Amino acid sequence: MPLHLQLHWIDILIIVLYFAFVVAIGFRLRGQMRTSEDFFLSGRRVPAWITGLAFLSANLGALEMIGMAASGAEYGMLTSHFYWVGAVPAMIFVALFMMPFYYGSRARSVPEYLRLRFDEKTRALNAVTFAVMTLLMSGINMYAMALLFQAVLGWSMSLSYWLSAGIVLAYTITGGLTSSIYNEVLQFFLIVFGFAPLTWLGLREVHGWSGLRARLAGLHLHGYLHMWRNMTHPGQNPMGIEWFGLVMGLGFVLSFGYWCTDFLVIQRAMAAENMNAARRTPLIAAFPKMLFPFIVIVPGILAIALVPLAQWPQAGGHVNYNQALSLMIARFYPSGMIGLGLVALLASFMSGMAGNVTAFNAVWTYDIYQSYLRPGRSDRHYLQVGRWATLGGILISIGGAYLVGNFNSLMDYMQLVFSFVNAPLFATFLLGMFWKRTTGHGAFWGLLAGIAAAAGHFSLTRSLGGPGGWLGVLHTYPSSMAQNFWGAIWAWSLCLLVTIGISLFTAPRSETELAGLVRSLTPRPPAEAAPWYRRPVGLAAAVAAVLIFLNLWFR
Amino acid sequence: MDLRQAIGLLFTFFGLLLSVYGVAHAGAGMVRQGVNVDLLWGVVLAAFGVGMLLLAWRARPRR
């Protein structure tokens with residue numbers, strides 16, 4: 001059954017007001033963009049609550065919003081592993097142990113940290129892969145969102161692309177990172193207020209959590225509200241993964257690889273006003289991150305409990321779980337609220353794109369253009385280059401969106417290649433920050449070995465019904481998710497071993513050069529006499545306590 | 001520019017718009033689960049918006 005939302009004038013008015021508002025923010029900030037550091041790092045003067053919410057929102061692209069609700073419908077509370085195991089522990093780690101080096105080294109980007117710590121080739125590898133992946137991910141996000149808008153509103157794909165790209169361009173080219181960050185904070189509140197009523201009204205209809213449990217039992221969806229109960233063997237749960245692969249693959253390798261090294265999120269913390277604010281940034285983000293399952297995953301579960309499967313939209317002969325959010329909006333939102341819900345989706349879509357583009361233009365300008373193409377120009381010149389890079393980045397994103405729209409399987413392959421590149425990264429950073437003996441040659445070849453290991457693992461194994469096994473099948477995984485997690489574990493381990501091995505046979509840099517870049521050669525930040533919520537360690541303890549409680553409660 | 005002021009303005013405006021629309025169209029398909037969603041949620045949005053404006057006003061730069 002196709003699903004259509006009818007827009008009334010009030011919905012359109014709300015959407016138009018939102019568009020006007022974000023562009024106005026960009027223009028209000030225009031006067032503050034005097035140097036390249038203003039444009040790329042917000043002049044390093046943003047308060048912690050703003051960088052914290054932006055840290056969270058930069059990652060909340062359209063794919064995430066649609067995908068997490070879909071996954072909630074398909075797998076239930078198992079999906080919350082992506083938050084309570086696959087994100088928050090890494091956010092605590094980056095805040096306490098890694099931010100002192102990112103912020104303290106005064107590096108202007110993550111690739112630049114790699115040059116300070118290791119050498120040019122390691123930086124170049126990271127900068128180029130990051131720049132390419134960021135723009136293509138932005139394109140994939142655009143495509144996913146435009147697809148949804150085409151399905152529920154009947155908008156053409158091109159209208160969605162050019163309208164949203166035009167508005168994102170207007171506010172990022174004027175206000176740079178600050179504008180992107182401000183809109184991410186706005187997006188955070190819009191998502192919370194735009195989706196929370198779905199959970200509230202849905203739970204009202206099923207008569208609360210116990211009513212939801214009873215309904216799911218009636219549908220034979222047992223264990224849908226638990227995250228650890230069916231994790232002993234891969235065969236017990238629909239994700240096809242056991243606890244060890246999940247904790248190591250998702251909770252450690254993939255999650256730490258993303259939250260601790262991806263410049264898209266780290267850039268927000270680098271923009272903070274001081275070291276304390278930079279370290280608190282991921283922790284302030286962690287509180288709402290822990291609660292997000294209740295507004296993005298639970299609506300998906302409610303959708304499966306409330307809407308009979310026969311009434312779900314189909315795609316390619318299968319139930320299209322990606323429509324979970326729109327089904328819920330259609331069921332519970334009258335005119336006006338529909339506008340608010342769509343604004344929340346649009347906001348996640350646009351600030352996802354803006355986040356990718358602002359991270360891209362900093363890496364492009366600092367780590368590629370200034371380093372290899374045109375060094376030694378005036379700061380003004382680089383500011384101009386950054387503005388043009390914004391335009392270029394958005395156009396390439398749109399190109400990427402059209403590309404995946406025309407060649408659908410390309411999207412899967414691109415995400416596959418990205419996972420190869422990302423999987424080993426955390427091993428490199430871990431060794432770089434905590435073992436002063438690690439050398440540039442070790443880091444570079446370790447990274448390449450890790451990427452090769454991920455690709456090799458994929459070529460030698462397959463998952464039921466999935467691709468892979470091009471060179472032979474040594475093992476068959478019950479799901480592509482399990483294959484992905486285990487591939488990451490292999491890539492990380494090989495990167496770690498190769499980096500250690502090569503480092504032992506190559507000359508390390510002198511200790512004076514590594515001050516501020518490696519833990520054993522950096523003075524600890526002094527203990528502050530402030531209330532617990534102003535101290536990173538105090539906040540981290542509070543986050544950990546809530547996290548443990550949630551894991552136990554929903555076990 | 002104080003971000004709290006910007007967020008406060010937008011949410012107050014959205015809240016007023018929704019609650020007025022909810023009152024004007026009360027009955028006509030506005031009620032879900034026994035609740036006039038636009039009216040009630042509009043009030044919540046406006047309250048949040050006003051709260052943000054108050055925070056911004058308290059922190060305003062003084063000469």
Side-chain angles (χ1 to χ4, degrees), chain A residues 6 8-11 13-15 17-18 20-22 24-32 46-47 49-50 53-54 175 178-179 181-190 192-194 196-198 200-207 328 330-341 343 347, chain B:
Chain A
Q6 224 16 277
H8 287 265
W9 63 265
I10 176 105
D11 305 311
L13 178 64
I14 287 179
I15 293 172
L17 273 173
Y18 168 69
F21 203 79
V22 296
I25 288 183
F27 278 89
R28 280 289 295 273
L29 293 169
R30 192 185 163 87
Q32 289 181 21
V46 184
W49 73 272
I50 294 181
L53 293 181
T178 312
S179 188
I181 285 180
Y182 279 19
N183 276 298
E184 281 153 14
V185 174
L186 184 62
Q187 170 215 351
F188 167 80
F189 290 113
L190 285 169
V192 171
F193 284 101
L198 293 177
W200 169 50
L201 294 166
L203 282 176
R204 225 176 131 86
E205 177 163 354
V206 298
H207 303 295
M328 289 291 281
R331 187 180 186 90
F332 289 115
Y333 282 3
S335 310
M337 284 301 288
I338 290 184
L340 188 70
V343 161
Chain B
M1 182 178 89
D2 188 331
L3 181 56
R4 285 167 294 196
Q5 193 185 8
I7 293 173
L9 277 176
L10 186 72
F11 276 87
T12 309
F13 206 74
F14 275 1
L16 290 178
L17 207 59
L18 276 179
S19 41
V20 169
Y21 188 85
V23 171
H25 294 77
M30 199 43 68
V31 176
R32 299 283 191 284
Q33 294 305 306
V35 181
N36 183 330
V37 184
D38 279 20
L39 170 60
L40 192 80
W41 204 247
V43 171
V44 172
L45 290 186
F48 171 74
V50 170
M52 278 301 214
L53 286 176
L54 281 178
L55 283 178
W57 181 74
R58 265 184 34 170
R60 73 195 181 282
R62 295 192 183 84
R63 286 165 200 263

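Residue numbering restarts at 1 for every chain, and letters A, B, ... go by the order of the sequence lines. Since this is a predicted model, take the numbers as computed values, not measurements.
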Residue from A:I50, A:L186, A:V46 passing side-chain contact (heavy atoms from CB on, under 4.5 Å) with B:L3: A:I50
From OH (A:Y182) to CG (B:D2), nearest 0.5 Å: 7.5 Å
Gap between atom CZ of A:F189 and atom CZ of B:F14 - 0.5 Å precision: 14.5 Å
Rounded distance [0.5 Å steps], CG in B:L45 versus CE in A:M337: 7.0 Å
Side chain to side chain contact (heavy atoms under 4.5 Å, CB included) evaluation trace for A:R204 with B:V35: CA-CA 10 Å; A:R204 225 176 131 86; B:V35 181; 3.7 Å; yes
Enclosure of A:R28 CZ (heavy-atom neighbours >12, cutoff 6.0 Å): no
Pick from A:L340, A:L29, A:T178 with the largest number of heavy-atom pairs that fall under 4.5 Å of chain B: A:L340
Distance, nearest 0.5 Å, that separates CD1 of A:I25 from CD1 of B:I7: 7.5 Å
Note, B:V37 side chain near A:F332 side chain (heavy atom, < 4.5 Å): no
ring-ring contact (aromatic ring centres under 6.0 Å, His included) assessment of A:W9 paired with B:Y21: CA-CA 11 Å; A:W9 63 265; B:Y21 188 85; 5.5 Å; yes
Nearest heavy atoms of B:D38 and A:P334, plus distance in Å: OD1-CG, 3.4 Å
Chain B interface, residue from A:L201, A:V343, A:L13, A:I10 that has the most non-hydrogen pairs under 4.5 Å: A:I10
Donor-acceptor contact present, side-chain B:W41 to main-chain A:G194, <3.5 Å: no
